[in-house]
J.: 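Below is one structure. I have some questions about it.
Quick caveat: nothing in here was measured; it's all calculated off a predicted structure.
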Amino acid sequence: MTEAQGGVRGWAAARKGHLSRLRFTSLRLRLVVVFGLVALTAAVSASGIAYWLNREAVLTRTQDAVLGDFKQAMQTRAGTLPPHPTQDELQHTAGQMANSSQRFSVLLVAQDPGGKTVYGSSGGLDGFSLRDVPKSLRAAVNKKQQVDSGNKDAYHLYWQRVVDHGTPYLVAGTRVIDGGATGYMLKSLEPEAKDLNSLAWSLGIATGLALVGSALLAQAAASTVLKPVQRLGAAARRLGEGKLDTRLRVSGTDELADLSRTFNYAAEALEKRVEDMAARDEASRRFVADMSHELRTPLTAITAVTEILEEELEAESGSMDPMIEPAVRLVVSETRRLNDLVENLMEVTRFDAGTARLVLDDVDLADQITACIDARAWLDAVDLDAERGIHARVDPRRLDVILANLIGNALKHGGSPVRVSVRPSDADSGEGAQIVIAVRDHGPGIPEDVLPHVFDRFYKASASRPRSEGSGLGLSIALENAHIHGGEITAANSPDGGAVFTLRLPRDASALTEESEKDTGKNGNAS
């Protein structure tokens, strides 16, 4: 049973692949079909015309020969009979007439001296009788014509083609002019029909060969015409994969050659544009990195001074002049903000340059979140729902950055209490195991028009929330840290009110780190 199922699956897969190839080469198929239809139409038309012309020629030649012999026999044989012959005379004369080279059957009809109608048959074809002659032909033969200057004979020779039990026959009849016997002739056209059937088969075979030849010719023409198109499609796919140095070899002056030249011009312009954009992006990243690095030195000195000023503010001696105390507090606050901004800019620069790396360690998530909350004095404002023993192999520093940004954002904009919950995902085993950390606040929620932009850099929803003291990079940096772990962060509104940020991380980011290092090695070798 298993082997049978496997055979059915294999047949289905092969059939699907064949159909996909047919769809892939639909233009080729259309060309072959059009060539085939044109060739079939031309071959059928030519064969039909040839068959009709040969048929008429064969039948006319046979008919003229038979009717000529019959007419001559009526004149030389039946014309010598007395006006009222006996049946024996008719029978003898009919036999003589039938001995013609055309081998037809003869039936003579006359009236004997007693006025009785007598018949004389050559006896061929199972006895040729008057019943075998169509009534219309008999009426035409016995009808006497008016003799005048345009018609010298009172009776004429008439003929008709009939089919009896599938066999074609030629039937003819006439009367002796000066009275006497009426003669009928029956000639089988079966030999001619066989010859015509052979001709039809030959023309049919020729039509089939012409159809096959046209299909082969169409295939060759399609291959010649479509090969540049296929090369163009392959080049377009390589260009779409990022291989901007892809070019087509151009030969000839036809429309396909013009299309290939246009593709090369477009690829060259695209490569130049991408190189310019990459150079500008690199220059921009270098500028941000250099600026951040240069700012760190003066910021270090300023931070040291602000720390001394902050100690003076907190001193109980009251040495700080009350008039300048608000200005000092503003300087301390803004210096911290500037310091955080510089650090965030340097982190963003590392992400953009692709130099950010994970330093993995096995951590208990409950302990990690507790340490993050405790370090920032948020224990009273955060409700933690996490069981001990849920471990993950992550970068503790980057996870702390993610949690600090999500929880801090919830406290600033949503209000306490903030609930942080940790749970394994449904796929809690195997390589696809994940952990889910949800941070929910009890604020007004996030407006629908703001949700798509909450992770954008420097984005602040000032119209719907109080002015933020942050730089607008916190959630963006949190998302980048989740991505480098192979995870994701989503933002939504809870049905019960408030915003919910959901962090999904793999239980073990080692595999992702190894793949990243392999890719980096390949890129380094390639460069």
J.: Are His483 and Glu488 packed together at the side-chain level, in the sense that at least one heavy-atom pair is separated by less than 4.5 angstrom?
T.: yes

J.: Counting only N and O atoms by type, is there a donor-acceptor contact under 3.5 Å from the side chain of Asp364 to the main-chain atoms of Gly389?
T.: yes

J.: Heavy atoms only: give me the nearest Ala491-Phe501 pair and the separation to one decimal.
T.: CB-CE2, 3.6 Å

J.: Under 4.5 Å between any side-chain heavy atoms of Arg440 and Asp496, yes or no?
T.: yes

J.: On a heavy-atom basis, which atom in Cys372 and which in Ala404 lie closest, and how many Å separate them?
T.: SG-N, 3.8 Å

J.: List for me each residue that meets salt bridge (charged side-chain N to carboxylate O under 4.0 Å, His left out) alongside Arg55, sequence neighbours excluded, and say none if there are none.
T.: none

J.: More than 12 heavy atoms of other residues, nucleotides or ligands under 6.0 Å from CD of Glu387: is that the case?
T.: no

J.: In Å and rounded to the nearest 0.5 Å, what is the CG to CG distance from Leu475 to Asn405?
T.: 6.5 Å

J.: Could you grab the distance from atom CG of Leu365 to atom CD1 of Ile435, nearest 0.5 Å is fine?
T.: 4.0 Å

J.: Nearest 0.5 Å, please: how far is NE2 in His453 from CG in Leu451?
T.: 9.5 Å

J.: Could you tell me whether the side chain of Asp385 reaches within less than 4.5 Å of the side chain of Val420, counting heavy atoms only?
T.: no

J.: Please report the shortest heavy-atom distance between Arg398 and His485, naming the atom on each side.
T.: CB-CE1, 3.8 Å

J.: Test Leu244 against Leu239 for side-chain contact (heavy atoms from CB on, under 4.5 Å), laying out the working first.
T.: CA-CA 5 Å; Leu244 301 181; Leu239 193 65; 3.9 Å; yes

J.: Would you sort out whether Glu241 and Thr246 count as a side-chain contact (heavy atoms from CB on, under 4.5 Å), showing the intermediate values?
T.: CA-CA 10 Å; Glu241 293 170 356; Thr246 302; over 6 Å; no

J.: Looking at side-chain heavy atoms only, is the closest gap between Ser260 and Arg231 below 4.5 Å?
T.: no

J.: Could you check whether any side-chain heavy atom of Ile446 comes within less than 4.5 Å of a side-chain heavy atom of His413, counting everything from C-beta outward?
T.: no

J.: What heavy-atom pair brings Leu384 and Ala366 nearest, and what distance separates the two atoms?
T.: CD2-O, 4.1 Å

J.: Return the CD1 to CD1 distance between Ile477 and Ile402, rounded to the nearest 0.5 Å.
T.: 11.0 Å

J.: Taking only residues two or more places apart in sequence, or in another chain, which ones meet Asp383 in a salt bridge (charged side-chain N to carboxylate O under 4.0 Å, His left out)?
T.: Arg419

J.: Is a side-chain N or O of Glu192 found less than 3.5 angstrom from the main chain of Val58, in a donor-acceptor match?
T.: no

J.: With rounding to the nearest 0.5 angstrom, report the CD to CG distance, Gln434 to Asp508.
T.: 12.5 Å

J.: Are more than 12 heavy atoms from other residues, nucleotides or ligands located less than 6.0 Å from atom CZ of Arg273?
T.: no

J.: Restricting to non-hydrogen atoms, name the atom on Leu379 and the atom on Ile373 that form the minimum distance, rounded to 0.1 Å.
T.: N-CG2, 3.4 Å

J.: Let me confirm one number: the CG-CG distance from Leu399 to Asn481, rounded to the nearest 0.5 Å.
T.: 9.0 Å

J.: Between Ile369 and Val382, is there a side-chain heavy-atom distance shorter than 4.5 Å?
T.: no

J.: Under the criterion side chain to side chain contact (heavy atoms under 4.5 Å, CB included), which of Leu358, Asp395, Leu479 is the partner of Ile484?
T.: Leu358

J.: Work out which heavy atom in Val439 is nearest to a heavy atom in Ala410; give both atom names and the distance.
T.: CG1-CB, 4.1 Å

J.: Counting neighbours of CG on Asp380 that are heavy atoms of other residues, nucleotides or ligands and sit closer than 6.0 Å, is the number greater than 12?
T.: no

J.: Are Ile437 and Leu403 packed together at the side-chain level, in the sense that at least one heavy-atom pair is separated by less than 4.5 angstrom?
T.: yes

J.: For Thr370, does its backbone N or O pair with a side-chain atom of Asp374 as donor and acceptor, under 3.5 Å?
T.: no

J.: Is any side-chain heavy atom of Leu259 closer than 4.5 Å to a side-chain heavy atom of Leu248?
T.: no

